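To keep things clear, I will list the structure first and then write my remarks on it.
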2 protein chains.
Amino acid sequence: MTKIVIVEDDVFLQEELMDILNKAGFEVEAITDFHHIVKEVVTLAPDLVLLDINLPVQSGFEICKSLKLKGVGPILILTSRDKLQDELHGLELGADDFLTKPCHKDRLLARIHNLLRRYKGQPELIRSDNFSLDPNTFTLYKESQSIVLSTNEGKILLALLQNQPEIVSKSELNKLLWGTDEYIDENALQVNLTRLRKTLRQVGLENVVETVRGKGYRLRG
Amino acid sequence: MTKIVIVEDDVFLQEELMDILNKAGFEVEAITDFHHIVKEVVTLAPDLVLLDINLPVQSGFEICKSLKLKGVGPILILTSRDKLQDELHGLELGADDFLTKPCHKDRLLARIHNLLRRYKGQPELIRSDNFSLDPNTFTLYKESQSIVLSTNEGKILLALLQNQPEIVSKSELNKLLWGTDEYIDENALQVNLTRLRKTLRQVGLENVVETVRGKGYRLRG
DNA sequence: CTGTACCTTACATGATTTGTAAGGTTATTG
DNA sequence: CAATAACCTTACAAATCATGTAAGGTACAG
């Protein structure tokens, strides 16, 4: 069943939304702990996220951006503010649609169905500024080009994407590739990084993987 | 450059839109012959279509539906009517977004950029009823699953998809795989078909490649 | 300049893909 | 129902591709 997660601190509205969506045949979950929204939403792996902007701990805009980086699919921002600036900002940060409260039940459902229809059959993609990665097959998309990475290349790039824009240490990458950091040949990771960069260059992605001397690697952008 | 096609019969508004979009750096074309809108738009192959609902010859809704069937990418409906029913109808017929006139220039541009962003970096996918195929990397998508086919498997499936629902002869497939039909071992194609079917079964696609005895193969669906 | 951290290239091993061969199954026809 | 042709499956070996290792090179900090 299609699962929708609601991020809304107004309990009354939350109940109302859950009711509407339940009646429309969706499986609905609401976030309760507003300190770990991103983590919780990612764990729930919803088909769509209904996101309020006015949230107690963190702004909905920040949440939106983080969720998009984690590859969480369609986000519909729902807010009581009726400011154009908010809408522009929201769309810029990666929201897929934007509705202002109060909003007619049918309009909400139509927009939700519209987003779901467009995402269905589409690959789950983790996006960066210039490219996207299918975390399943390690297929990389850049504009109209696409290329399949090898297992190791894909694992490294995925880790960098998921931790963007943080630095990922060599130790973490070693664990990721071979299950342990106590691997003998320290050079193996280097070689795999070289290979990844070479492959990225094939689709015109130069200087994407940045070296932070003594710390590790991170994605540039 | 990104090309936007405007379908709008109000000349004044048309000019205004062209001006806004040109200044925003888009290549803009406007439809002049309202009797052959669909054909003209398909020929222009735009990156986005701006579509009015109140059109002289045919309703914008019909146009929208036809364009979507032709695979024309994102359609933004722009109309002076402010009726919820119109919006619901438009979204149902496959429109990707909906705005009511009068509309602030920045909101229009934000929505356009949003649609383009979502379509960009998305793989070019050839779709069937149950699955899609990236013709470039031979990555197959079925619901939330994805799998990379081998070169030969991919070539065969792509040919079947492109000729759907026609039959593709063995001779054509031989030419596709080895450049010539006069290949000695007639069995090689068989083996590759068996492999393709086995791979398809891995993602739950049973009986997708149908054998037409004496004629060739075709996609079922 | 020196040392350390990082990068690159080449090569051998192991995994995957692919053509070939051999034999089995299914459908049509007399 | 038997004979035949079209099609399917499995197993194996050669070719291709991915990956760890080794050896040597480059860049940066002190």
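What you see is a predicted model; the values in this text were computed from it and never measured. Hydrogens, waters and symmetry mates play no part in the numbers below; they use all other heavy atoms, side chains included. A, B, ... follow the sequence lines: proteins, then strands. Residue 1 opens every chain.
Distance NZ (A:Lys170) to C1' (C:dT4): 11 Å, rounded to an integer number of Å. When the P atom of C:dG19 is taken as reference, atom CG of B:Leu177 falls 7 Å away, rounded to whole Å. The interatomic distance linking A:Lys215 (NZ) with C:dC6 (C1') rounds to 16 Å, in whole Å. Summarising the geometry, the separation between CD on B:Glu186 and P on C:dT18 is reported as 19 Å, rounded to the nearest angstrom. Distance CG (B:Leu193) to P (C:dG19): 12 Å, rounded to an integer number of Å. The CD-P distance, from B:Gln190 to C:dG19, rounds to 14 Å in whole Å. Atom pair A:Leu200:CG and C:dC7:P shows a separation of 14 Å (rounding to whole Å applied). The separation between A:Asn207 atom CG and D:dA27 atom P is 14 Å, rounded to whole Å.
Ion pairing between B:Glu87 and A:Arg107 holds under the 4.0 Å rule for side-chain N and carboxylate O. Between A:Glu186 and A:Lys170 there is a salt bridge, with a side-chain nitrogen of the basic residue lying less than 4.0 Å from a carboxylate oxygen of the acidic one.
Aromatic rings of A:His89 and A:Phe98 (six-membered ring for Trp) have centroids beyond the 6.0 Å cut-off, not under it.
An OP1 or OP2 oxygen of C:dT18 is reached within less than 4.0 angstrom by no side-chain nitrogen or oxygen of B:Trp178. B:Tyr217 has a side-chain polar atom (N or O) that falls below the 4.0 Å cut-off from OP1 or OP2 of D:dC8. Note on B:Thr151: every side-chain N or O is 4.0 Å or more away from OP1 and OP2 of C:dT17.
The B:Val191 side chain lies nearest to C:dA21 when the options are C:dA10, C:dA21, D:dC8. Taking every side-chain heavy atom of B:Thr194 into account, D:dT9 is the closest of C:dT18, D:dT9, C:dC7. Across D:dT21, C:dG19, C:dT17, the shortest atom-to-atom separation from the side chain of A:Ala188 is found for D:dT21. Here D:dT19 is the nucleotide among C:dT20, D:dT19, D:dC8 with the atom lying nearest to any side-chain atom of A:Ser150.
Minimum interatomic distance between A:Tyr217 and A:Leu160 (heavy atoms only, all atoms of both residues): O-CD2, 3.6 Å.
For A:Lys3, the NZ atom counts as densely surrounded, since its 6.0 Å shell holds more than 12 non-hydrogen atoms of other residues, nucleotides or ligands.
Residue-to-nucleotide contacts include a donor-acceptor pair under 3.5 Å from the side chain of A:Asn187 to the base of C:dT8. A donor-acceptor contact under 3.5 Å is formed by the side chain of A:Arg213 with the base of C:dT4.
The residue among A:Lys198 and A:Gly214 whose nearest nucleotide of DNA chain C lies closer to the 5′ end is A:Gly214. Take the nearest nucleotide of DNA chain C for A:Gly216 and for A:Arg195: the residue whose nucleotide is more 5' is A:Gly216.
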